[in-house]
Protein chains: 2
Amino acid sequence: MNSSTARVTSEQACPIAPVLDIVFSRWTTPILWTLNEYGVQRFVQLHRNVGTITAKVLTQRLRQLERDGLVVRTYHPEIPPRVEYEISELGRSLAPLFAHLADWSADNLPRVERARQEFDGAGGPTVGH
Amino acid sequence: MNSSTARVTSEQACPIAPVLDIVFSRWTTPILWTLNEYGVQRFVQLHRNVGTITAKVLTQRLRQLERDGLVVRTYHPEIPPRVEYEISELGRSLAPLFAHLADWSADNLPRVERARQEFDGAGGPTVGH
DNA sequence: CAGTATCCTTCAGGATACTG
DNA sequence: CAGTATCCTGAAGGATACTG
């Protein structure tokens with residue numbers, strides 16, 4: 001195995017790979033975003049606010065976020081039960097990053113749109129082949 | 001449909017949702033990262049450097065990136081053919097964002113790790129239930 | 001209310017073989 | 001070399017029904 005044939009793992013190829021699973025799994029950004037915007041919410045409220053997600057998947061993602069320390073779950077043993085979800089301090093530390101992303105989006109999404117139209121108009125990769 | 005029952009789309013719930021498909025689709029960050037680090041590369045080189053990705057999927061992702069204007073593909077009609085991939089200016093504009101992400105990772109990945117161990121050690125969500 | 005438990009479908013992505 | 005063409009599998013996620 002020499003350096004010209006060695007295959008590399010995606011983690012080696014990309015130092016930010018590990019974070020992606022944590023922060024950018026499906027539904028995690030809508031969940032974190034609404035928790036950050038609207039504060040503490042019960043399960044049903046979150047369900048309504050996060051969009052067209054099923055209860056099963058919402059639960060799965062919330063468990064993952066709780067496990068990773070980005071969200072705090074509080075169970076109140078009442079009847080009927082009350083469960084509240086809140087973004088943690090660690091979760092809140094993502095806010096500047098999300099803002100950065102929103103800025104990039106505002107600045108460059110139009111360029112992406114134009115690139116797509118050119119590409120589609122020209123009819124595929126690299127005209128002439 | 002009143003405000004207490006209205007269901008919302010994930011795009012409404014999360015302004016950054018549209019960018020995620022563009023920038024954080026699977027394999028896009030390793031591809032962009034290596035193109036940014038090592039400069040212009042031919043298909044096979046990229047294939048070696050990006051990690052354990054198949055040629056088919058690499059082609060798919062490269063097409064998407066080209067279409068979105070993040071990558072430039074140059075076809076040289078020789079025999080054998082030579083194709084070179086390069087990150088575009090638009091693609092390069094993501095560098096600060098990726099750096100931000102790398103910083104967050106360096107600062108907070110350990111916290112995530114600890115949170116996971118606590119969660120797993122405690123045996124699931126919210127002890128007591 | 002806040003979830004589970006099942007069943008089911010889809011489809012991204014891998015393996016393999018082939019081509020201009 | 002730089003891909004495409006096929007086939008195939010597993011795992012994510014939706015629909016639905018049920019429970020403490």
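Below, chains carry the letters A, B, ... as their sequence lines are ordered, and counting in each starts from 1.
A sub-4.0 Å separation between OP1 or OP2 of C/dG20 and a side-chain N or O of B/Y75 is absent.
Against DNA chain D, the stretch residues 21-44 of chain B makes heavy-atom approaches under 4.0 Å through B/R42, B/F43, B/V44. Across residues 56-64 of chain A, A/K56, A/V57, A/R61 each have a non-hydrogen atom less than 4.0 Å from an atom of DNA chain D (numbered order).
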Show the distances under 3.5 angstrom between N or O atoms of the protein and N or O atoms of nucleotides 17-19 of chain C.
none

What's touching nucleotides 9-11 of chain D from the protein side, N or O pairs under 3.5 Å?
none

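By the salt bridge (charged side-chain N to carboxylate O under 4.0 Å, His left out) test, A/R61 is found to be paired with no residue, residues two or more places apart in sequence or in another chain being considered. With sequence neighbours excluded, no residue forms a side chain to side chain contact (heavy atoms under 4.5 Å, CB included) with A/A99. B/F24 meets the ring pair (Phe, Tyr, Trp, His ring centres under 6.0 Å) test with A/F24; sequence neighbours excluded.
Look at CD1 on B/I53: it is 12 Å from C1' on C/dA12, rounded to the nearest Å.
Of all nucleotides listed (D/dA2, C/dG14, C/dA2), C/dG14 comes nearest to the side chain of B/T54.
The salt bridge (Lys or Arg N to Asp or Glu O under 4.0 Å) contacts involving residues 74-91 of chain A comprise A/E78-A/R82, A/R82-A/E84, where partners must be two or more places apart or lie in separate chains. Pairs engaging residues 15-25 of chain A under the side chain to side chain donor-acceptor pair (under 3.5 Å) rule: A/S25-A/Q64 [sequence neighbours left out]. Among residues at least two apart or in separate chains, side chain to side chain donor-acceptor pair (under 3.5 Å) pairs with a member in residues 96-110 of chain B are A/S93-B/W104, A/H100-B/H100, B/N108-B/R111.
In the helix from C/dC1-D/dG20 to C/dG20-D/dC1, the rotation axis of the first five pairs and that of the last five pairs differ in direction by 60°, rounded to 10 degrees.
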Contacts under 3.5 angstrom, residues 115-124 of chain A side chains, donor-acceptor by atom type, not counting sequence neighbours:
from, atom 1, to, atom 2, distance (Å)
A/R116, NE, B/D68, OD1, 2.6
A/R116, NH2, B/D68, OD1, 3.3
A/D120, OD1, B/R67, NH1, 2.9
A/D120, OD2, B/R67, NH1, 2.5

